[in-house]
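Numbers here are sequence positions counted from 1. What's counted below: heavy atoms across the whole structure, side chains too, no hydrogens, waters or symmetry copies.
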Amino acid sequence: PGSAPPSDITLIDHLDTIYIRDILQRGSHVILAGDFNVHHAMWLGSSKTTPAGEALEELCATYSLSQHVTHPTRGENTLDLILSTFYDPVDTSVLAPLGRSDYAVVVADFRGTTPN
């Protein structure tokens, strides 16, 4: 109870070892967006912190990734995240869900932002 399946943490580890490290070593910038479905009380304002939430927050701290979504995207939870190597402010909007979805639509505008 309250623990993430090993596959969630494995995916976060893959992001670290396979993608992010390689991209940053080439001098490129990173933008990751999606339904990460993690919970972290202090970082994301969730009611609880899960192992996957801890792992993702640690990954972001390690690579200086900013989390740009500031409003809940499903109920009271911020599950859909936009992570990047760009400093705030990134202009983000959380819009009403499309169709029958119960997830909000998240839009980000990176114009005028500065890379970390």
Hey, are the side chains of [X] and [Y] touching, using non-hydrogen atoms and a 4.5 Å cut-off?
X: V90; Y: I82; answer: no
X: H40; Y: L56; answer: no
X: W43; Y: T49; answer: no
X: Y103; Y: L79; answer: yes
X: Y63; Y: L83; answer: no

Measure the spacing between [atom1] of [X] and [atom2] of [Y] and express it to the nearest 0.5 Å.
X: L81; Y: L32; atom1: CG; atom2: CG; result: 10.0 Å
X: E54; Y: M42; atom1: CD; atom2: CE; result: 12.0 Å
X: L65; Y: H29; atom1: CG; atom2: NE2; result: 12.0 Å
X: T78; Y: L44; atom1: OG1; atom2: CG; result: 6.0 Å
X: T92; Y: Q67; atom1: OG1; atom2: CD; result: 8.0 Å

- Not counting sequence neighbours, which residues clear side chain to side chain donor-acceptor pair (under 3.5 Å) with Y19? List them please.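 With neighbours one apart ignored, the set is empty.
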- Of all heavy-atom pairs between A96 and V105, which one has the smallest distance, and what is that distance?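 Closest pair (atom of A96, atom of V105, distance): O-CG2, 3.6 Å.
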- If every non-hydrogen atom of S101 is compared with every non-hydrogen atom of P97, which pair is closest and at what distance? O-CB, 3.1 Å
- Is there a path of hydrophobic side-chain contacts, each under 4.5 Å between heavy atoms of I, L, V, M, F, W or Y residues, that connects V107 with L98?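 Both belong to a single hydrophobic cluster.
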- Can you pull the salt bridge (Lys or Arg N to Asp or Glu O under 4.0 Å) pairs that have at least one residue in residues 96-107, sequence neighbours excluded? R74-D102
- Item | Donor on one side chain, acceptor on other, H68 and S84, under 3.5 Å | yes
- Spell out, as yes or no, whether a donor-acceptor pair under 3.5 Å connects the side chain of T73 to the backbone of D80.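 Such a contact is found between T73 side chain and D80 backbone.
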- Can you name the one residue among V30, I23, I31, I20 that meets side-chain contact (heavy atoms from CB on, under 4.5 Å) with T85? V30
